[in-house]
Amino acid sequence: EDQVTQSPEALRLQEGESSSLNCSYTVSGLRGLFWYRQDPGKGPEFLFTLYSAGEEKEKERLKATLTKKESFLHITAPKPEDSATYLCAVQAVNTGFQKLVFGTGTRLLVSP
Amino acid sequence: NAGVMQNPRHLVRRRGQEARLRCSPMKGHSHVYWYRQLPEEGLKFMVYLQKENIIDESGMPKERFSAEFPKEGPSILRIQQVVRGDSAAYFCASSRKDRDYGYTFGSGTRLTVV
């Protein structure tokens, strides 16, 4: 069964204090790995898709990387507005492109 | 350019009543996906629809749940005879085509069964 485990469950940072969120996955053939941001009371907002080991993508203070077993979301010099829950999801080759398997997320709080 | 619109945002139903959740995809999007988020759990896939077709309903409970995406109008997720365990946030997402990987999610409907 395809699984996604995210750690830590919660992370508290001071503004400017860089850190990384981890997403470990087990999947029978990875089609794609996704990162989303979710604010309270809102739906997930798409951030990145990664397709193969070694791939990296960046957007403002966020950088996502992918290996064969895990992905990292690096947050450089975070600001309070980066506070949110960050979700990781995988799409497996054998279950079709429509089905994402999500982790339970990392709740990030950035204090000024 | 409105995003994915879901309504109602909050829905309270008594046990045994029916719940109808509506989703209007983004303009130009013809593929709709429903996910459920239970408290303290990750989002779980329920169903994937195109206009007038259910493509994959492998994540839908076998009883009481149904979904449709008619030729005209929004997609509807229907839950009959709701129970307390149906209380959750239900999210709809849409995409332009089947290989459009970064779906756009709506803000969800929070269903509370009392």
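Only a predicted model underlies this, so the values are computations on that prediction, with no experimental measurement involved. Values below: every heavy atom of this structure, side chains too, minus hydrogens, waters and symmetry copies. In what follows, every chain begins at residue 1, and chains take the letters A, B, ... in the order their sequences are listed.
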**Q.** Verdict with reasoning, B:V113 to B:R14, per side-chain contact (heavy atoms from CB on, under 4.5 Å)
**A.** CA-CA 5 Å; B:V113 180; B:R14 295 186 185 279; over 6 Å; no
Q.
For B:F105 versus B:V4, what's the shortest heavy-atom pair and its separation?
A.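 Minimum heavy-atom contact is C-CB, 4.0 Å.
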Q: Would you mind checking which part of A:Q38 comes under 4.5 Å of any heavy atom in chain B, side chain (CB onward), backbone (N, CA, C, O), both or neither?
A: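 Only the side chain of A:Q38 comes within 4.5 Å of chain B.
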Q. Measuring heavy-atom distances to chain B, does A:L87 have an atom under 4.5 Å in its side chain, in its backbone, in both, or in neither?
A.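 Contact with chain B involves the side chain of A:L87 alone.
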Q | Ring geometry between B:Y33 and B:Y103 (parallel below 30°, tilted from 30 to 60°, perpendicular above 60°) | A |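 Rings of B:Y103 and B:Y33: parallel, under 30°.
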(Q) For A:S20 and A:H74, which I'm curious about, is there any donor-acceptor pair between the side chains at under 3.5 Å? (A)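 There is such a pair between these side chains.
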Q: Go through the atoms of B:Q6 and report whether side chain, backbone, both or neither lie under 4.5 Å from a heavy atom of chain A.
A: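 For B:Q6, there is no contact with chain A at all, as no heavy atom is under 4.5 Å.
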Q: Just give me the residue among A:G41, A:A89, A:G105 that pairs up with chain B most often, heavy atom to heavy atom, under 4.5 Å.
A: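 Most heavy-atom pairs under 4.5 Å with chain B: A:G41.
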